[in-house]
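The block underneath contains the structure these notes are about, expressed in structure tokens.
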There are 2 protein chains.
Amino acid sequence: MTQDERVADRQAAEEMPWGEVTPDAARRLLVAAVEAFAERGYHATTTRDIAGRAGMSPAALYIHYKTKEELLLRISRIGHEKALEILRHAADGEGDAADRLAEAVRSFVRWHAGHHTTARVVQYELDSLGAEHRPQIVELRRRSDAAVREIIESGVRSGEFDVPDVPGTTLAVLSLCIDVARWFNTEGRRTPDEVGALYADLVLRMVGAEPRPAVAQK
Amino acid sequence: MTQDERVADRQAAEEMPWGEVTPDAARRLLVAAVEAFAERGYHATTTRDIAGRAGMSPAALYIHYKTKEELLLRISRIGHEKALEILRHAADGEGDAADRLAEAVRSFVRWHAGHHTTARVVQYELDSLGAEHRPQIVELRRRSDAAVREIIESGVRSGEFDVPDVPGTTLAVLSLCIDVARWFNTEGRRTPDEVGALYADLVLRMVGAEPRPAVAQK
DNA sequence: GGTTGAGCTGAGCGGGCGCTTAGGACCTCT
DNA sequence: AGAGGTCCTAAGCGCCCGCTCAGCTCAACC
């Protein structure tokens, strides 16, 4: 690997969606796998299909990944880490609980809508991971749950929110956001930003926050 | 078929979950398929597995169903018809819009939680149906959506609800209920009735209905 | 009591699956 | 020029898939 390539890799990691995956061939395979898994599901996708989409022979896949399942694991882990980062950023942000909850829902939904192919794989193909890989993913989900619960609890403590069942409401909020990946369609009438704004408003109503002026929407 | 068997069939159709599926062997195969599809997904389930769970040889499946996909289609259609029936019953019921919306959410969620194996197949394996079978299912879903939208629109008209975006809120309400099938676990801490009551309350908040006394919960 | 037909099984076909292996093209460094 | 290493392909192995088919059993009818 040359100096130039190393620089290119580092830039890619910072700017591109799957930039952390190198070398280039491994990333192309992974992007192809995301598309195929999202369209047809993990089990219905063949390694020949993935390799074909990446413009390679079936055998090339096994130079970069040990098995087909390792591809799913890498997709799932990167995706869950991104989801957790989005929620933690909102939970650690400025403003009162309502601001933070609205920002969490807005950005989380925006990601699920804007990257709905990735999100579909991340959220719905978890059961396809074997028992030896699943625990690390479940742990990431637990921390995502904790981030949202933290915001809601702080809102209840400050008196901003009226929430009789905090764990149940946390579950419902996350569930609502996650399901966006199932129904969102690029050809549909709503942009990811619009869905994010709508959902942020709905969630604030769910927690009994005082109505607030609509934020400027792009 | 004897007179007694015909009576037994009719009673079964009225009382049992999959009673409308006859003869008995076809129902056992279908129930086995529901379990297998819910656990592992349609594509990961083999016809040998289905037949094995039903205590039959692999070839027996093809006496009652033309293909593996026909099994999925029958499960999906019966499930969607049941879901639509639940929502229509609530939409056509007594009471004001808030009563009807709460009842719709409560019973719809109760069904998704209580029959979460069936619901998982019905709601998440739709893409596994080929293009020739999917339209009839999509039409049933359209009518479910219309039932919920109808209730919300009537609440807006009567001034009970405050809903800026009726189609978007309809989508969110259905999405919230449907996703119960993904996360609900029989070993979890909540009963289907409890989840139904919690979700009915959350949805009434989403549509800006006046707070109302909690209904008696079993 | 012989015939029929429905329901089922054992054996297996054709094919596509995940994955492996041997070897070749191309680059870098000596 | 040659060696060594990386990345890829062509071919194919062993397996299991969805599905078929000849033949068995047995209750229901003439």
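What you see below is based on every heavy atom in this structure, not just the backbone, and it leaves out hydrogens, waters and symmetry mates. Chain letters run A, B, ... following the sequence lines, proteins first, then strands; residues in each count from 1.
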Under 4.0 Å, heavy atom to any atom of DNA chain C: which of residues 62-69 of chain B qualify? B:I63, B:H64
Is A:R27 salt-bridged to A:D24, going by a charged N under 4.0 Å from an acidic O? yes
B:Q123-B:H112 side chain donor-acceptor pair, cut-off 3.5 Å: yes
If the threshold is 4.0 Å, N to carboxylate O, is there a salt bridge linking A:E69 and A:R74? no
Report yes or no: do A:Y42 and A:D127 form a side-chain donor-acceptor pair below 3.5 Å? no
Length of the line joining A:L29:CG and C:dG18:C1', which is rounded to integer Å: 15 Å
Between atom CZ in B:R27 and atom C1' in C:dG7, what is the gap in whole Å? 16 Å
Which residues in residues 41-52 of chain A have at least one heavy atom lying under 4.0 Å from any atom of DNA chain C? A:T45, A:T46, A:T47, A:R48
What are the two closest heavy atoms between B:A113 and B:H116, and how far apart are they? O-ND1, 3.1 Å
Spacing of B:L61 atom CG relative to C:dG10 atom P, expressed in whole Å: 15 Å
From CE of B:M56 across to C1' of C:dG10 the rounded distance in Å is 16 Å
Tell me if a side-chain donor or acceptor on A:E35 pairs with a main-chain N or O of A:A32 at a distance below 3.5 Å. no
Nearest 0.5 Å, please: how far is CG in B:L61 from CE in B:M56? 9.0 Å
Regarding B:D145 and B:R141, does a basic nitrogen lie under 4.0 Å from an acidic carboxylate oxygen? no
Value rounded to 0.5 Å, distance of OG in B:S128 from NE2 in B:H133: 12.5 Å
Under a 3.5 Å cutoff, is there a donor and acceptor pairing between the side chains of A:T67 and A:E70? no
Using a 4.0 Å cut-off on heavy atoms, which residues in residues 127-137 of chain B reach DNA chain D? List them by number, or say none. none
